[in-house]
Amino acid sequence: MKAKLKERLDVFADAVIAIIITIMVMSLPLDIHNGVVDYPQLFKSIGIYLVSFCFIANLWYQHALVFNEAETVANRVIVFDLILLFLMSLMPAFTRLMTTVTNSDNVMLYGGLSLLISFIFSWISRTIIQAKYTDKATMTQIYKTIFGSTVWNSWVIYIVIIGLGYFFPEIALGFYLFIPLWSFFSHTREQEEFQQIDQMEAQDQQKFLALPAPQKRAFRRLIRTFQIEQRQSGHDRDKQHAAWIKFSEQAKTEFNISDGALAKWMKINGNGNRNNNRNHQEHQENRDDHQQAHQNKQ
């Protein structure tokens with residue numbers, strides 16, 4: 001029953017978000033005086049619509065990712081999700097308000113609504129993850145570690161931009177576009193990292209949590225560097241092997257994470273799975289050959 005309710009809530013949310021975007025674009029003002037279109041106002045309105053579109057589209061993407069993690073949803077999550085959709089449905093009105101009169105009051109109101117939506121959505125996300133990992137408190141801590149900084153940074157940025165909007169509303173409006181774009185790319189990367197850490201053994205997850213905050217950030221940067229090198233290497237097995245050796249050696253030296261843990265961890269990478277496992281096996285074989293040769297010399 002609850003699984004079906006969750007599916008219906010997903011469909012309802014998708015429909016509401018699609019309608020919101022449609023209303024926003026249909027509400028764009030078209031000023032025509034004596035057969036002449038006011039193009040500056042038109043392009044300004046399109047720019048404001050772009051800000052709202054990116055905000056709504058990013059929320060839809062993150063909403064889909066979060067609800068994909070849940071098989072069922074609690075009643076309180078349903079209530080807050082409906083509140084979230086209600087607040088999102090106000091975006092066309094606030095967008096229209098800004099396209100009509102771009103003053104400090106309207107820009108600050110728009111920022112306040114965006115901040116409130118962001119706050120409620122972060123609560124929904126955290127609640128769903130905590131429910132999924134009821135028996136794995138470690139993953140809840142990891143979720144806070146990975147996503148917490150992005151959430152707090154976005155709230156701080158919103159507050160700063162709202163303050164800026166009081167003095168420079170049009171400049172603040174431009175900065176509103178930055179947050180959903182930054183959040184989209186950050187969340188995509190962090191979601192991938194979170195799923196990868198979920199594949200690790202419990203003791204390795206504890207090692208990750210035990211790292212000081214600067215080392216956690218350094219470890220995550222190391223992962224992103226490896227992923228970039230893997231993509232750039234294409235189907236070149238030599239480059240993939242070299243990237244894996246560099247990654248595994250650095251992870252072991254700096255963060256005390258074993259090759260085996262990394263090999264299990266990177267299984268989530270789909271097509272890269274076989275290459276990573278093969279690289280791990282080849283690296284182990286080379287290390288064993290080297291040790292055997294050293295023993296023979298002795």
Side-chain angles (χ1 to χ4, degrees), residues 5-31 41-70 73 75-103 105-128 150-151 154-155 157-158 161-162 165 169-170 172-188 191:
L5 184 60
K6 181 255 180 183
E7 292 177 4
R8 292 177 67 86
L9 184 62
D10 280 342
V11 173
F12 178 68
D14 289 346
V16 170
I17 291 173
I19 292 171
I20 289 172
I21 291 177
T22 303
I23 293 175
M24 284 196 304
V25 73
M26 292 181 65
S27 300
L28 288 176
L30 297 175
D31 295 334
Q41 177 61 34
L42 174 62
F43 290 128
K44 176 184 176 182
S45 299
I46 292 175
I48 295 174
Y49 163 73
L50 176 64
V51 172
S52 296
F53 175 86
C54 290
F55 180 80
I56 296 296
N58 179 55
L59 267 178
W60 169 84
Y61 173 73
Q62 295 192 25
H63 189 277
L65 285 179
V66 168
F67 274 76
N68 190 51
E69 296 286 340
V73 289
N75 290 335
R76 59 177 180 166
V77 172
I78 295 174
V79 171
F80 274 90
D81 199 51
L82 292 175
I83 294 173
L84 175 72
L85 293 174
F86 164 73
L87 293 173
M88 290 174 65
S89 68
L90 296 177
M91 289 300 292
F94 278 64
T95 303
R96 172 76 176 182
L97 194 62
M98 285 203 304
T99 57
T100 304
V101 182
T102 311
N103 58 22
D105 292 337
N106 293 340
V107 171
M108 292 173 70
L109 282 173
Y110 182 89
L113 177 62
S114 301
L115 178 60
L116 182 58
I117 290 173
S118 176
F119 178 79
I120 292 176
F121 179 73
S122 68
W123 181 88
I124 293 173
S125 302
R126 187 173 63 252
T127 302
I128 289 177
T150 299
V151 171
S154 65
W155 293 348
I157 293 173
Y158 266 124
I161 295 176
I162 290 171
E170 294 190 355
L173 185 59
F175 280 112
Y176 280 140
L177 180 62
F178 163 77
I179 298 179
L181 294 177
W182 170 72
S183 177
F184 173 80
F185 290 109
S186 297
H187 194 92
T188 302
Q191 183 73 20

Checking side chain to side chain contact (heavy atoms under 4.5 Å, CB included) for the pair Leu181/Cys54: CA distance, chi angles, key distance, verdict?
CA-CA 7 Å; Leu181 294 177; Cys54 290; 4.2 Å; yes
Output, in order, the C-alpha distance, side-chain angles, deciding distance and verdict of ring-ring contact (aromatic ring centres under 6.0 Å, His included) for Tyr110 and Tyr176.
CA-CA 9 Å; Tyr110 182 89; Tyr176 280 140; 5.5 Å; yes
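Atom CG of Leu59 is separated from atom CG of Leu85 by 10.0 Å, given to the nearest 0.5 angstrom. A distance of 10.0 Å separates CE of Met24 from CZ of Phe55, quoted to the nearest 0.5 Å. Here the NZ-CZ distance, from Lys6 to Phe67, works out to 8.0 Å after rounding to the nearest 0.5 Å. Here the CD1 atom belonging to Ile179 is positioned 8.5 Å from the CG atom belonging to Leu115, to the nearest 0.5 angstrom. One distance of note links OH of Tyr158 with CG of Leu113; it measures 9.0 Å at 0.5 Å rounding. In this structure, the separation between CD1 on Ile157 and OG on Ser114 is 13.0 Å, given to the nearest 0.5 Å.
Side chain of Gln41 to backbone of Thr99: a donor-acceptor contact under 3.5 angstrom is found. Listed for the Asn106 side chain is a donor-acceptor partner under 3.5 Å among the backbone atoms of Val101. Panel note: side chain Lys44, backbone Thr102; no donor-acceptor pair is recorded below 3.5 Å. A donor-acceptor contact shorter than 3.5 Å links the side chain of Ser89 to the backbone of Phe86.
In this model, no donor atom of one side chain and acceptor atom of the other lie less than 3.5 Å apart for His63 and Asp14.
The two atoms that bring Leu42 and Pro29 nearest to each other are CD1-O, 4.3 Å, heavy atoms only. Of all heavy-atom pairs between Gly165 and Val107, the closest is CA-CG1, 4.3 Å. Ser122 and Trp155 get closest at one heavy-atom pair: OG-CZ2, 3.0 Å. Taking every heavy atom of both residues into account, Ser125 and Val66 meet most closely at OG-CG2, 3.4 Å. Closest of all the heavy-atom pairs between Ser27 and Arg96 is O-NH1, 2.6 Å.
Counting only heavy atoms from C-beta outward, the side chains of Val73 and Asp81 never approach each other to under 4.5 Å. Two residues are said to be in side-chain contact when any heavy atoms from C-beta on lie closer than 4.5 Å; Val51 and Met98 fail this criterion. Contact check for Trp123 versus Thr127: side-chain heavy atoms found under the 4.5 Å cut-off. By the 4.5 Å heavy-atom criterion applied to side chains, Trp60 and Ile21 are not counted as neighbours. Between Met108 and Pro169 the shortest side-chain heavy-atom distance does not fall below 4.5 Å. Contact of the Met88 side chain with the Val16 side chain is not registered, since no non-hydrogen atoms from C-beta on lie closer than 4.5 Å.
Of the candidates Leu173, Leu28, Leu177, Thr100, Ile48 forms a side-chain contact (heavy atoms from CB on, under 4.5 Å) with just one, namely Leu173.
Using cut-offs of 30° and 60° for the angle between ring planes, the Phe53 and Tyr49 rings count as tilted.
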